Amino acid sequence: MNPEQIKQFNHDLLKWFHENGRDLPWRRINNPYYTWVSEVMLQQTQVDTVIPYFNRFISLFPTIEALAGATDQEVLKCWEGLGYYSRARHLQQGVREVAEKYDGKVPEDKNELLSIQGIGPYTAGALLSIAFGEPEPAVDGNVMRVMSRVFLIDDDIAKAKTKKKFEKIVGALIAEADPSAFNQSLMDLGALICRPKKPKCDECPLNAHCLAREEGAQLEYPVKSGKAKPRSIDYTVLLIRDAERRYFIEQRPETGLLAGMWQFPMIAWDPNEKEKVLEDAIQKKYGWEVRFVRTSFSYTHRFSHLIWNLSLYEAAIDGTVDPETRTTWEHLDKLTHRPFPVPHQKIIEWIEKNRQNHT
DNA sequence: AAAACGGGGTT
DNA sequence: AACCCAGTTTT
C-alpha cells in the first residue's frame, strides 16, 4: 500500500470505530491496571464471558496494591470458571513485580513489560498502545483474521513465524495519531464484522481494501492447521464423609493442570478393569482400605486438549484419616468457599440436589 | 517449533 | 461435533 492508501485505510477504520466501537467496562477510563486485567482475561476468552468476571475482579482487587496483597486462593476463587488458571497466577505475580520494582506503576518500556510474568508480545503491545498511546502492534486472532483477509495472506496462523509477519504489517499501517483506537478498532472489527463465519462484508469499513472479498474467498481465511484430538481419561472420584458428615478434599499441585484448585480425590481407572485394581490403586495412592457403597453419578468434562470421564463412587474408609498438607475435611456448605474446577463444581451441585437421598 | 493450558459460545 | 476466542509459558 502506498502512503495515500494507508491514510485512507486508517481513516475508514477509525471512522467506523468511533461510530460502532463497543462500550466496555475497561474502556470507560484509561487505567493501565484495568487494561492489563482485561487483556489477560480476554486471552482465549470471549468478551461476553469476561465482562462479569472483570467487574467482580476489579471490585475485589481495585488496585495493583490490592491484588498484590491478596492471597492466591482469593484470586483463584475470583477466577473460578474462567479457565486457563495460570493466567490468574501470572497476573498476580506480574502485579507484585510492578508493585515492588516499579513503585506500583505499570512501566511504559516494551522490554520492561515483556520481562513481567504473564505479559507476552500481545499484552505488551496492547498496554503500550491502549494505555500509553504508543504506535505498537497488538496482534491477536482477530487481527490475523482481518489482515489475512484484507491482504490475502495464506500463511498458517498457528505458526509462530506468521504472527511476526502480521506484526510487521500492522506496524506499517498503524496510525500514529491514535494507536489505541487503531488496535481496538481491529479487535472490534474482528468481533463484530470480520467474523470467522458469516462475515458482514457489506457493513465493513475495509471492504474497499479487502482482497479476499474481491476474490469471494473470505471464508478460506485465515489458514489454520488443525489441532490434535483431545485424549480421554477415565477417573473414579471418591466421595468420602467422616462421622461429622464432612467431605474429604485435596488441593491439586501448584503447577500443571488446574494448579492449586481443590477437588475430591480422583484415581485414574479404566472401568473395564476389575474393581480390585481400583482398590489397590487407592491403597497405593492414599493408603486407604475403602468399601464402596455405591456408584452414583457420572460426568464427562471436555477440556481443549483432554477429556475427563468422571464416575462418582460413594465410599467408606476403615479407620480415620488425619488431614495432611493440601488435604482437609470440609462441610458441604463450605466447600464452595474454595476454588474448584468446573467438573468438581458439577459434582457438588449433584450432591446438593441429592442430599436428602443420602443424609 | 510444538505442546500444555479451560471453559463457554456458536454453528 | 467442530471451531472459535483480545495468548503465554514450558518443553
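Below, all heavy atoms of this structure are taken into account, side chains as well, without hydrogens, waters or symmetry copies. Computed from a predicted structure; not experimentally measured. Every chain is numbered from 1 and lettered A, B, ... according to where its sequence line falls, protein lines coming before strand lines.
Note on A/Leu24: a base of the nucleic acid sits closer than 4.0 angstrom, heavy atoms only. Within 4.0 Å (heavy atoms only), A/Leu82 reaches at least one base atom of the nucleic acid. Contacts of A/Arg22 with the nucleic acid, taken as non-hydrogen atoms under 4.0 Å apart, include base atoms. Among the heavy atoms of the strands lying under 4.0 Å from A/Gln117 are primed sugar atoms or P, OP1, OP2 only; no base atom is included. Contacts of A/Gly190 with the nucleic acid, taken as non-hydrogen atoms under 4.0 Å apart, are absent. Residue contacts for A/Pro343: at a heavy-atom cut-off of 4.0 Å it reaches the sugar-phosphate backbone alone, with no base atom in range. Here A/Trp26 lies in heavy-atom contact (under 4.0 Å) with a base.
One distance of note links OG1 of A/Thr45 with OH of A/Tyr84; it measures 8.0 Å at 0.5 Å rounding.
With C/dA6, C/dT9, B/dT11 as the choices, the nucleotide that has an atom nearest any side-chain atom of A/Lys197 turns out to be B/dT11. The side chain of A/Leu258 has B/dG7 as its nearest neighbour among B/dG7, C/dT9, C/dA6. Which of B/dG6, C/dG7, B/dG8 sits closest to the side chain of A/Lys163 comes down to C/dG7. Here the nucleotide nearest the side chain of A/His90, chosen from C/dT9, B/dG7, C/dA6, is C/dT9. In this structure, of B/dG7, C/dA6, B/dG9, it is C/dA6 that holds the atom nearest to the side chain of A/Val47. Distance from the side chain of A/Val342 is smallest to B/dG8 among B/dG6, B/dG8, C/dT8. Residue A/Thr49 has its side chain nearest to B/dG8 when only B/dC5, B/dG8, C/dT8 are considered. You'll find that the side chain of A/Asp140 is closest to C/dG7, out of B/dG8, C/dG7, C/dC4.
No donor-acceptor contact under 3.5 Å links the side chain of A/Arg231 to the base of B/dA4. Donor-acceptor pairing under 3.5 Å, judged by distance alone, is present between the side chain of A/Thr45 and the base of B/dG6. Between the side chain of A/Gln44 and the base of C/dG7, at least one donor-acceptor pair of N or O atoms lies under 3.5 Å. One cannot find a donor-acceptor pair under 3.5 Å joining the base of C/dG7 and the side-chain atoms of A/Thr123. In terms of polar N and O atoms assigned as donor or acceptor, the side chain of A/Tyr84 comes within less than 3.5 Å of the base of B/dG6 in a complementary pairing.
Of the residues listed (A/His344, A/Glu352, A/Glu330, A/Gln345), the one engaging A/Leu335 in a side chain to side chain contact (heavy atoms under 4.5 Å, CB included) is A/Glu330, and it is the only one. Just one residue in the list A/Ile157, A/Leu206, A/Leu173 forms a side chain to side chain contact (heavy atoms under 4.5 Å, CB included) with A/Met147, and that residue is A/Leu173.
Using a 30° and 60° split on the angle between ring planes, A/His301 and A/Phe303 fall in the perpendicular class, above 60°.
Checking A/Lys227 against A/Ala124, the closest nucleotide of DNA chain C that is more toward the 5' end is the one next to A/Lys227.
The two residues A/Ala138 and A/Val143 have their closest heavy-atom pair at O-CG2, 3.6 Å.
One P atom belongs to C/dT10, the other to B/dG6, and the distance between them is 13 Å to the nearest Å. A gap of 24 Å separates the P atoms of C/dT9 and B/dG8, to the nearest Å. Across C/dA6 and B/dT11, the matching P atoms stand 14 Å from one another, rounded to whole Å.
A salt bridge links A/Arg28 to A/Asp23: one of the charged nitrogens lies within less than 4.0 Å of a carboxylate oxygen. Remark: A/Lys15 engages A/Glu19 in a salt bridge, criterion side-chain N to carboxylate O under 4.0 Å.
Rounded to a whole Å, the NZ atom of A/Lys200 is 10 Å from the P atom of B/dT11. Taking atom CG on A/Leu189 and atom C1' on C/dA6, their separation rounds to 14 Å, with Å as the unit. Distance CD (A/Gln43) to P (B/dG7): 16 Å, rounded to an integer number of Å.
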